[in-house]
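Everything on this sheet refers to the single structure shown next.
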Amino acid sequence: MTDSRPVRVRFAPSPTGDLHIGGIRTALFNWLFARRYGGKFILRIEDTDQKRTKEESQAGILNGLAWAGLNWDEGPDIGGSYGPYIQSERVALYRQWVNWLVDKDLAYRAYETPDELAIIAKLHQGYDRRARELTRDDWARFDAEGKPFAVRFKIPLLGETTFTDMVRGPITFQNDKLQDVVLLKSDGFPTYHLANIVDDHFMEISHIIRAEEWIPSAPIHKLLYEAFNWEMPQIAHVPVILAPDGGKISKRKHPEAAISYFIKGGYLPEAVTNFLCNVGWNYGVLDAEGNEVQIFTKEQAAEIFDISRVTNNGTKFDLVKLQWLNGEHIRLMNPVELAKRLRQPLEDAGLTVDMDLLIRVTPLIQERIKLLNDIVELAGFFFRGEIKPITVTDLVPKKMTAPQTRSVLQQAYDRLAALPDFSHTSQEESLRPLAEELGLKPGPLFTAIRVAVTGQPVSPPLFETMEILGRELALARIAHAIQLLQ
RNA sequence: GCCCCUAUCGUCUAGAGGCCCAGGACGCGGCCCUCUCAAGGCCAAAACCGGGGUUCGAAUCCCCGUAGGGGCACCA
């Protein structure tokens, strides 16, 4: 799988918006690959498009990657021996090498304006290579006129180009279908094609793992490596992530396309990376019964990651399965650690969090929530001074009347008030017999108390809840409910 | 339009010619457990895109259709 070069892979996003879920997956596969072979994972910012680059987007990318736990060994913030890691700081290098190509007659200047190009593109399929005919004298004349130019790559007119994809095997393109792509824009900045090759070479990248949408430019890149006489990294294209409805997942139509959706939505990075591992790749470890293991860490995945086993078809994004996985990871966590992560969602909902209280509440909800944010609805009442307003309808269980309910609550109140201690076990030992004495199933009795005490029909286990709330508060709320039923 | 990639349950996938009348997981349905809700346990339904080859034998290899996806910028 790896040749003799030390493994160095990179994730190279362009800072033009939120980090995309597909980007995270690409980054994850690169990370997995680097860790698997004891190599380096490098972060490089490709900001060569001056118009679309957004200042704030770079920070978002770094945050998103850090949130996912995809730590990089070299990058714009931490440096490294191959820097700088931001392309806009490397333009001199690109110009040097594009000039080298022009000197060797492997690239040429093109002076068409955008308007001319638009017309040419309509008449032919793309650019018709007319500037190839220009002589150096023509260049000098245009330069004297002050005409701006771009530099285009001279693609061989004949023959074919084949590269071997680590996940798909050999892929061949006819050279006459390839475009003489622009290498250096008239603003002096390189295009992706140039900057990418130059950087990968000088950063000694050994393997390129990127999304499928880059397959069509791979032959051009191979030709560029040949033109420079540089060794081409091994290359792998991983399938794109599709929206649940089939099409390409877009931030516009699908909020879950952006990583911020998961950060804000109460997802665990452990669950997101676990999920993404299995989108397009199969962990393939069996448990004692011979079933495939679904839940694992990215570190475990890194031990056996195999890029050649990545699937080669596009995969739909199943949010429901991610949510299930998130719940599984929540259940796996140490309760105190979980409590720490539960703090933010509560605060975001405007609640004041007492950490000691939260640590007591957490075990009650740990197996009842799928997303961290679910705590607000299920157990937010612990952190509010008062419960939501309730009505008689809320309070009276099915098949019971208001007077019945009132009487039942009164008796429950008396028993709870008389308890020597307010532990949940004592409560249960006292109230279960009461239900029986009243000829009731436990359900209706406990439901009435639950609504009275928590203000909700659904709550964590009643007795544990009341124990944490404390006798005073629990009884006051029951008393209030009794009043309501007068 | 041209080029490229892909094709197993609704979804993610296992399957590297016989172990497959196709296995696992999510979801869905049912049952059990149960103070609500979950979690957990058990059971069930559910797929090899179509047609031709190759072969003693094909989900697996080849070809042709079809369908989906991606790419055809001085964006990455």
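Every chain is numbered from 1 and lettered A, B, ... according to where its sequence line falls, protein lines coming before strand lines. Just so it is clear, the model here is predicted, and its values are computed rather than measured.
- Residue contacts for P114(A): at a heavy-atom cut-off of 4.0 Å it reaches no nucleic acid atom on any strand shown.
- P219(A) comes within contact range of no nucleotide atom at all, as no heavy-atom separation falls under 4.0 Å.
- For R471(A), there are no salt bridge (Lys or Arg N to Asp or Glu O under 4.0 Å) partners two or more places apart in sequence or in a different chain.
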statement: For nucleotides 38-46 of chain B, 5' to 3', base contacts (B), sugar-phosphate-only contacts (S) and non-contacts (-) with protein non-hydrogen atoms under 4.0 Å give BSS------
Exercise answer: donor-acceptor pairs, residues 15-24 of chain A side-chain atoms, under 3.5 Å, sequence neighbours excluded:
residue : atom : partner : partner atom : Å
H20(A)  : ND1  : G22(A)  : N            : 2.8
H20(A)  : NE2  : I249(A) : O            : 3.2

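- C35(B) makes up no base pair with any nucleotide shown, lacking Watson-Crick or G-U wobble contacts both under 3.5 Å.
- Across all strands shown, T447(A) has no heavy atoms under 4.0 Å from either base or sugar-phosphate atoms.
- Note on P13(A): nothing from the nucleic acid sits closer than 4.0 angstrom, heavy atoms only.
- With respect to L223(A), the side-chain contact (heavy atoms from CB on, under 4.5 Å) criterion is satisfied by exactly one of V181(A), L178(A), I197(A): L178(A).
- Set against C4(B), C74(B), C72(B), the side chain of I171(A) has C4(B) as its closest nucleotide.
- Base pairing annotation: C61(B) forms a Watson-Crick or G-U wobble pair with G53(B), both donor-acceptor distances under 3.5 Å.
- The partner of C72(B) is G1(B), by the rule that a Watson-Crick or G-U pair needs both atom distances under 3.5 Å.
- Between D199(A) and R10(A) there is no salt bridge, since no side-chain nitrogen of the basic residue lies less than 4.0 Å from a carboxylate oxygen of the acidic one.
- A salt bridge does not link D49(A) to K51(A): none of the charged side-chain nitrogens sits closer than 4.0 Å to a carboxylate oxygen.
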Contacts under 3.5 angstrom, residues 211-221 of chain A side chains, donor-acceptor by atom type, not counting sequence neighbours:
residue : atom : partner : partner atom : Å
E212(A) : OE1  : V240(A) : N            : 3.2
S217(A) : OG   : W214(A) : O            : 3.0
H221(A) : ND1  : R210(A) : NH2          : 3.0
H221(A) : NE2  : H193(A) : ND1          : 2.9

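- With C75(B), C74(B), C35(B) as the choices, the nucleotide that has an atom nearest any side-chain atom of R52(A) turns out to be C75(B).
- Close to C35(B), at under 4.0 Å from its OP1 or OP2, lies no side-chain N or O of K441(A).
- Listed by chain and number, the residues in a side chain to side chain contact (heavy atoms under 4.5 Å, CB included) with Q125(A) amount to none (sequence neighbours excluded).
- Base pairing of C42(B) is made with G30(B), judged by Watson-Crick or G-U wobble geometry with both donor-acceptor distances under 3.5 Å.
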message: So if I define the base as every atom that isn't primed, P, OP1 or OP2, how would nucleotides 11-17 of chain B read as a B/S/- string at a heavy-atom cutoff under 4.0 Å?
response: BBSSSB-
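- If you take atom C1' in C48(B) and the same atom in U6(B), they sit 15 Å apart, rounded to whole Å.
- If you check every strand for non-hydrogen atoms under 4.0 Å, L462(A) touches a base.
- Of the C1' atoms belonging to C64(B) and G24(B), the separation is 34 Å, rounded to the nearest Å.
- Both F173(A) and P148(A) lie close to RNA chain B; mapped to their nearest nucleotides by heavy-atom distance, the more 5′-ward contact belongs to F173(A).
- Nucleic acid contact for R168(A): sugar-phosphate only, since backbone atoms but no base atoms lie under 4.0 Å from a heavy atom of the residue.
- Across all strands, E112(A) comes closer than 4.0 Å to base atoms (heavy-atom distances).
- Between S217(A) and G71(B) there is no side-chain polar atom (N or O) within less than 4.0 angstrom of OP1 or OP2.
- Classification of the F446(A)-F463(A) ring pair by plane angle, with boundaries at 30° and 60°, yields perpendicular.
- If you measure from atom CG of D165(A) to atom C1' of C5(B), you get 10 Å, rounded to the nearest angstrom.
- A residue-by-residue look at Q125(A) and T191(A) shows that Q125(A) has its nearest nucleotide of RNA chain B further toward the 5' end.
- Taking the six-membered ring where the residue is Trp, the centroids of F305(A) and F29(A) are separated by under 6.0 Å.
- Pair assignment for U11(B): A25(B), on the basis of Watson-Crick or G-U wobble contacts that are both within less than 3.5 Å.
- For E270(A) and R341(A), the salt-bridge test passes: some basic side-chain N is under 4.0 Å from an acidic carboxylate O.
- Nearest to the side-chain atoms of E212(A) among the listed nucleotides C35(B), C5(B), C72(B) stands C5(B).
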